[in-house]
**Q** 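Please find one structure pasted underneath; my questions will follow.
Quick note: residue numbers are just sequence positions, from 1. A quick note: this is a predicted structure, and the numbers were derived from the prediction, not measured.
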Amino acid sequence: VEHLGDLAEYVPVMASIGYENEPINNTGHWFFWKGEPRSHQVHIVERDSWHYWRLLLFRDYLRLHADEAREYELLKRGLAVKYATRRKLYSEAKTDYVRAVIAKALEERPELHGRFRSRLEA
């Protein structure tokens, strides 16, 4: 979106098409999901923000690097078993891996590297 509004602006619209909200610890990022088991996810972020670019950097890097995508798949499968009923712990357990992939992706995108490199260290 061009400007991220309050969560309350999105909840009724997303609920009308079956999405639920899951609180996350990031500012500037709203997250919705649906399905049981979870089958759809929507991230609402401001266009051209760090949240926007980190999602695209991660996705694009995995698309270009099949070996990394396979490693991520194996990690997710293992964590899904370990944290089957503890979604927050599952997500937290992926954090270091995701950050490492985003760092690699930034190395391949010099036009973004200088702009966002410090965000990985935060």
**Q** Quick one: are Trp50 and Leu55 in side-chain contact, heavy atoms under 4.5 Å?
**A**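 A side-chain contact is absent here, since even the closest heavy-atom pair is not under 4.5 Å.
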**Q** Measure from the side-chain N and O atoms of Thr95 to the backbone N and O of Glu92, and report whether any donor-acceptor pair falls under 3.5 Å.
**A**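 Pair found, side chain donor or acceptor close to backbone of Glu92.
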**Q** Scan residues 56-65 for pairs that pass side chain to side chain donor-acceptor pair (under 3.5 Å), counting only residues two or more places apart or in two chains.
**A**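 Found His65-Glu108.
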**Q** Flag the pair Glu71 / Leu74 as yes when at least one side-chain heavy-atom distance between them is below 4.5 Å, and no otherwise.
**A**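 Not touching, per the 4.5 Å side-chain cut-off.
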**Q** Is it true that Asp48 and Trp53 share a donor-acceptor pair across their side chains at a distance under 3.5 Å?
**A**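 A pair is found: one side chain offers a donor N or O, the other an acceptor, under 3.5 Å apart.
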**Q** Where is the tightest heavy-atom contact between His40 and Tyr19, given as atom of each residue plus distance?
**A**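 Closest approach of His40 to Tyr19: CB-OH, 3.4 Å.
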**Q** Between the side chain of Glu46 and the main-chain N/O of Leu4, is any donor-acceptor distance below 3.5 Å?
**A**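 Yes; judged by distance alone, with no hydrogens or angles, the pair exists.
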**Q** Under 4.0 Å between a Lys/Arg side-chain N and an Asp/Glu carboxylate O for Lys104 and Glu107?
**A**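 A salt bridge is absent here (no side-chain N lies under 4.0 Å from a carboxylate O).
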**Q** Any chain of hydrophobic side-chain contacts (each under 4.5 Å) joining Ile17 to Val11?
**A**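 They do share one cluster, since a chain of ILVMFWY contacts under 4.5 Å joins Ile17 to Val11.
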**Q** Does the ring pair (Phe, Tyr, Trp, His ring centres under 6.0 Å) test come out yes or no for His51 and His43, once each step is laid out?
**A** CA-CA 9 Å; His51 298 289; His43 298 264; 9.9 Å; no
**Q** Just grab all the ring pair (Phe, Tyr, Trp, His ring centres under 6.0 Å) pairs involving residues 76-98, residues at least two apart or on different chains.
**A**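 Those involving residues 76-98 are Tyr72-Tyr97.
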**Q** Which residues pass the side-chain hydrogen bond (donor to acceptor under 3.5 Å, both in side chains) test with Lys82, not counting sequence neighbours?
**A**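 side-chain hydrogen bond (donor to acceptor under 3.5 Å, both in side chains) check on Lys82 returns nothing, list empty.
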**Q** Any chain of hydrophobic side-chain contacts (each under 4.5 Å) joining Leu106 to Leu64?
**A**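 No: no chain of side-chain contacts under 4.5 Å links Leu106 to Leu64.
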**Q** Just by modelled atom types, is the Trp30 backbone N or O under 3.5 Å from a matching donor or acceptor in the Asn21 side chain?
**A**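 Between the backbone of Trp30 and the side chain of Asn21 there is no qualifying donor-acceptor contact (under 3.5 Å).
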**Q** Does a side-chain heavy-atom distance below 4.5 Å link Val42 with Phe31?
**A**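 With C-beta onward as the side chain, the pair stays apart.
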